[in-house]
Amino acid sequence: STGSESETDCVICPVGMYSGLPETRESESCQKCEKGRYGMSSGLAQCTECPAGKYNDAVGQSSFTIACKECPGGKWSDKEGSQESTSCRVCPEGRSSSALGRTSLDSCSYCQPGMFAIQGSTECTHCHFGRFAEKTGAQFCNECPEGYVSNANGEGKNCTVCLTGHFKDADLCVMCEPGKFQDEMGKAGCKVCAAGKYADKFGMSVCTNCAIGKQSSDNYKTECRECEAGTFGESCKKCPRGYFKNASRYESCTACPRGRAQNLTGSTFCIPCDPGTQQAAKGQVFCGKCDPGKFADKFETRNCEEGPM
């Protein structure tokens with residue numbers, strides 16, 4: 001009968017397809033589920049939309065798990081039935097989201113101070129050394145001013161000035177090396193200890209005076225050494241005329257003894273008086289000739305003797 005033929009001719013749309021009517025006699029009337037939808041059962045009049053936070057970019061999908069893909073980290077969507085990955089909106093700058101399938105902008109968390117995020121970030125990034133972000137939701141990090149660095153642990157919440165005994169180098173505060181010092185904060189280098197001073201440790205803010213009889217030089221500022229022979233005092237000055245120093249261990253110069261003299265500075269010895277000359281006093285520059293009627297027939301004479309009558 002007609003009724004029997006009608007029931008036999010009816011076709012149920014398979015999974016992944018639908019018809020606008022509950023039943024149809026023409027199998028061509030079944031259409032594939034559109035993008036953004038899926039059909040898990042047969043005989044559907046309409047396919048189901050993918051929920052918010054997901055999208056489907058293919059037609060004829062029958063599995064919810066396969067069809068509805070989650071918006072990736074750093075993105076979100078509040079619309080149902082989204083058909084393209086571009087339907088997922090990116091988290092704005094200064095915010096991030098690592099979870100999949102987020103459905104609202106609120107899922108994008110603000111970056112904490114010391115961190116920043118570019119658009120579409122899955123996580124906030126710590127400010128690099130030498131930069132900082134002191135507010136929540138930073139879109140970028142600011143550069144520390146001259147002589148300042150960001151926190152040494154990389155938090156980057158604020159900048160601190162390099163203290164005395166330190167200097168700024170490659171966005172870090174570095175201790176001055178031995179032989180150098182820095183008595184000011186926020187500087188880009190260290191100063192060299194002056195002559196007569198030394199610094200034997202890292203991070204010195206002042207140099208130490210050498211003890212009397214010792215000195216530092218351009219070649220070494222990390223320690224003080226004994227003044228060389230012929231020099232003395234805090235800055236190892238040359239012995240004056242009439243004085244000498246023949247060893248480095250003595251703190252002061254010695255006056256030339258009687259019968260000797262020295263006309264030069266920085267001497268390590270005194271010169272004996274020649275025959276015919278004398279020197280009765282200490283610390284003298286020259287030897288004097290014997291007075292008339294007197295003589296000296298030996299070196300190093302202190303007093304000329306009376307001559308034969």
Side-chain angles (χ1 to χ4, degrees), residues 53 70-77 85-86 88-102 104-195 197-209 216-224:
E70 292 181 306
C71 289
K75 296 185 178 183
W76 61 280
S77 174
S85 61
T86 53
C88 299
R89 303 169 67 178
V90 297
C91 291
E93 295 177 335
R95 303 171 76 167
S96 69
S97 174
S98 60
L100 306 177
R102 299 294 88 185
S104 70
L105 176 61
D106 292 338
S107 64
C108 299
S109 302
Y110 286 99
C111 295
Q112 296 301 307
M115 307 181 80
F116 74 100
I118 60 174
Q119 195 178 59
S121 294
T122 58
E123 61 181 14
C124 296
T125 304
H126 283 288
C127 293
H128 299 145
F129 286 113
R131 294 180 175 274
F132 73 103
E134 59 185 350
K135 296 182 179 180
T136 300
Q139 301 175 12
F140 57 88
C141 297
N142 296 298
E143 186 174 358
C144 291
E146 185 67 29
Y148 285 70
V149 296
S150 60
N151 295 350
N153 58 11
E155 290 182 354
K157 294 179 181 179
N158 50 49
C159 294
T160 55
V161 64
C162 290
L163 301 177
T164 58
H166 297 72
F167 69 100
K168 182 180 179 181
D169 180 40
D171 297 324
L172 294 173
C173 287
V174 180
M175 289 191 296
C176 295
E177 62 186 44
K180 296 182 179 182
F181 74 104
Q182 182 52 263
D183 55 353
E184 299 178 85
M185 296 192 298
K187 295 300 179 181
C190 295
K191 305 171 185 177
V192 178
C193 293
K197 296 177 180 287
Y198 72 100
D200 58 352
K201 298 177 182 178
F202 283 93
M204 297 288 285
S205 58
V206 294
C207 296
T208 305
N209 290 326
S216 64
S217 71
D218 292 339
N219 296 326
Y220 53 90
K221 298 288 187 180
T222 60
E223 62 178 342
C224 294

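Because the structure is a prediction, the values reported are computed rather than measured.
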Tell me the closest heavy-atom pair linking [X] and [Y], and the distance in Å.
X    : Y    : value
A188 : E146 : CB-OE2, 3.9 Å
C111 : A117 : SG-CB, 3.4 Å
V174 : D169 : CG2-CB, 3.9 Å
F202 : E177 : CD2-CA, 3.7 Å
Y198 : E223 : CB-N, 3.9 Å
V149 : K168 : CG1-CG, 4.0 Å

Side-chain heavy atoms of [X] within contact of [Y], under 4.5 Å:
X    : Y    : result
C207 : V192 : no
F132 : C144 : yes
C88  : W76  : no
S96  : C91  : no
P113 : E134 : no

For the [atom1] atom of [X] and the [atom2] atom of [Y], what is their distance to the nearest 0.5 Å?
X    : Y    : atom1 : atom2 : answer
F116 : H128 : CZ    : NE2   : 5.5 Å
N158 : C127 : CG    : SG    : 10.5 Å
T164 : D183 : OG1   : CG    : 8.0 Å
M185 : L163 : CE    : CG    : 7.0 Å
R131 : E143 : CZ    : CD    : 5.0 Å
C108 : K75  : SG    : NZ    : 11.5 Å

Discussion item. I'd like to know whether C176 forms a side-chain contact (heavy atoms from CB on, under 4.5 Å) with M204, so could you lay out the CA-CA distance, the side-chain angles of the two residues, the decisive distance to 0.1 Å, and finally the verdict.
Written reply: CA-CA 6 Å; C176 295; M204 297 288 285; 5.8 Å; no
Worksheet item: Got a salt bridge between E184 and K191, using NZ or NE/NH1/NH2 to carboxylate O under 4.0 Å?
Response: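 Yes, E184 and K191 are salt-bridged.
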Worksheet item: Do R95 side-chain atoms and L105 backbone N/O form a donor-acceptor pair below 3.5 Å?
Response: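 Present.
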Would you find more than 12 non-hydrogen atoms of other residues, nucleotides or ligands less than 6.0 Å from [X] atom [atom1]?
X    : atom1 : value
E123 : CD    : no
K180 : NZ    : no
I118 : CD1   : no

